[in-house]
Amino acid sequence: MGHLTGKTAIITGAGRAVLKDGSCGSIGYGIATAYAKDGANLVITGRNVKKLEDAKEELERLYGIKVLTVQADVSAGSDNEAVVKNVIDRTIETFGRIDVLINNAQASASGVPLADHTTEQFELALFSGLYATFYYMKACYPYLKETKGSVINFASGAGLFGNFGQCSYAAAKEGIRGLTRVAATEWGKDGINVNIVCPLAWTAQLEQFEEAYPDAFKANVHMPPMGHYGNSEMEIGRVCVQLASPDFKYMTGETLTLEGGMGLRP
């Protein structure tokens with residue numbers, strides 16, 4: 001039995017994606033795999049139903065846990081609170097509890113300079129990232145208070161270092177960082193552990209980007225000092241398991257940066 005057996009984790013943006021070698025090819029799916037290996041039942045959301053169903057089939061078959069899939073997309077012009085409420089309601093109907101909320105989903109228009117960014121592109125990043133994190137945290141709060149649960153949000157080096165062509169993405173991620181720190185301050189008294197991770201992982205998207213645009217890849221994607229990119233499951237996913245484990249409750253509200261095997265830097 002794993003540390004998370006009997007617990008329920010919601011992971012947004014966790015549809016199945018794999019690299020050419022068959023290993024986990026996205027941060028969300030890497031986290032879902034790490035949680036499944038540790039015994040947690042999962043609620044995974046995303047826009048692509050096929051990817052969600054593929055994830056459910058593989059995770060249930062390999063690890064013997066239960067996976068609930070819910071198509072969900074927080075976006076401009078939608079009734080987003082209703083979208084998120086549906087995810088939470090179905091989670092409670094199925095599992096009766098929420099122990100971990102992982103806000104991983106994020107869409108953006110990368111590579112577009114600030115002066116050329118449209119309002120629609122800016123809203124894409126803010127709604128899918130910052131607003132979604134806000135709505136999920138609010139909706140999950142009563143249940144996390146009951147279970148003394150954990151929230152794990154995701155920021156990015158794009159915001160920390162001001163990456164070219166990522167103004168809306170960086171703005172959303174820096175907003176999420178601020179939101180996380182406030183929640184850690186306000187919810188600590190309720191026993192809710194709140195953390196944020198700034199990862200750099202090798203994903204299927206990066207793999208495809210390198211193949212299609214080798215020059216742009218070389219100019220914009222820089223190898224971490226340790227000489228390899230983070231592994232979505234074994235490094236980033238396992239960090240997220242650690243952040244939700246009872247032994248890690250003493251550390252809350254920290255920003256953790258995972259850079260290609262360098263480990264955690266509070």
Side-chain angles (χ1 to χ4, degrees), residues 1-74 83-84 86-107 132 136 140 143-144 147 149-152 154 197 199 201-208 228-246 248 258:
M1 292 178 63
H3 290 100
L4 301 178
T5 298
K7 297 185 181 298
T8 301
I10 297 175
I11 307 172
T12 68
R16 184 176 184 272
V18 295
L19 299 171
K20 286 182 177 178
D21 64 5
S23 60
C24 291
S26 72
I27 290 174
Y29 191 58
I31 297 168
T33 301
Y35 268 68
K37 285 183 175 181
D38 224 63
N41 292 316
L42 304 176
V43 180
I44 58 173
T45 75
R47 292 178 291 183
N48 189 310
V49 174
K50 176 69 163 58
K51 289 183 177 181
L52 292 174
E53 291 301 322
D54 287 347
K56 173 184 172 69
E57 188 281 325
E58 182 165 281
L59 294 171
E60 289 186 336
R61 173 172 48 83
L62 292 178
Y63 308 114
I65 50 94
K66 186 171 182 179
V67 179
L68 170 67
T69 66
V70 186
Q71 184 182 32
D73 181 20
V74 175
V83 170
V84 172
N86 177 57
V87 175
I88 306 312
D89 287 348
R90 292 189 59 188
T91 300
I92 297 303
E93 288 170 7
T94 303
F95 297 114
R97 60 186 293 145
I98 300 170
D99 298 276
V100 187
L101 168 65
I102 301 175
N103 287 299
N104 163 73
Q106 176 74 66
Y136 274 102
C140 287
Y143 304 102
L144 293 169
T147 60
S150 300
V151 177
I152 302 166
F154 278 81
V197 180
W202 185 251
T203 65
Q205 283 188 326
L206 274 180
E207 195 173 62
Q208 293 161 11
H228 78 278
Y229 298 96
N231 180 285
S232 294
E233 177 202 341
M234 298 306 296
E235 293 177 305
I236 296 161
R238 296 309 303 174
V239 165
C240 292
V241 168
Q242 183 184 14
L243 290 174
S245 70
F248 209 71
L258 182 67

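None of the values given here were measured: they were computed from a predicted structure.
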Inset, instruction - Please name the pair of heavy atoms, one in L59 and one in I65, separated by the smallest distance, quoted to 0.1 Å. - result: O-CG1, 4.1 Å
Inset, instruction - State whether R238 and D38 are salt-bridged, where the test is any N-O pair (Lys NZ or Arg NE/NH1/NH2 against Asp/Glu carboxylate O) under 4.0 Å. - result: yes
Legend entry - Flag, side chain of S23 to backbone of L19, donor-acceptor distance under 3.5 Å: no
Inset, instruction - Tell me, yes or no, whether the heavy-atom count around K51 atom NZ, taken from other residues, nucleotides or ligands under 6.0 Å, exceeds 12. - result: no
Legend entry - S150 to L243 - nearest heavy-atom pair and separation: OG-O, 3.7 Å
Legend entry - Contact check, side chains of L144 and I98, non-hydrogen atoms, under 4.5 Å: yes
Inset, instruction - Please tell me if the side chains of I44 and L68 come closer than 4.5 Å, counting only heavy atoms from C-beta onward. - result: no
Inset, instruction - Before accepting this row, confirm whether a basic side-chain N of the pair R16/E57 lies closer than 4.0 Å to the acidic partner's carboxylate O. - result: no
Inset, instruction - Specify the closest pair of heavy atoms between I11 and A32, including all atoms of both residues, with the distance to one decimal. - result: CD1-CA, 3.6 Å
Legend entry - Check: T12 side chain, N104 main-chain N or O, donor-acceptor pair, under 3.5 Å: yes
Legend entry - Within-4.5 Å side-chain heavy-atom neighbours: T94 and K66: yes
Legend entry - Side-chain donor-acceptor pair present, T69, E53, cut-off under 3.5 Å: yes
Legend entry - Lys/Arg N to Asp/Glu carboxylate O, D99 vs R97, below 4.0 Å: yes
Legend entry - Modelled atom types, side-chain donor and acceptor of E233 and Y35, under 3.5 Å: no
Legend entry - Short side-chain to backbone donor-acceptor contact, E235 and N231, under 3.5 Å: yes
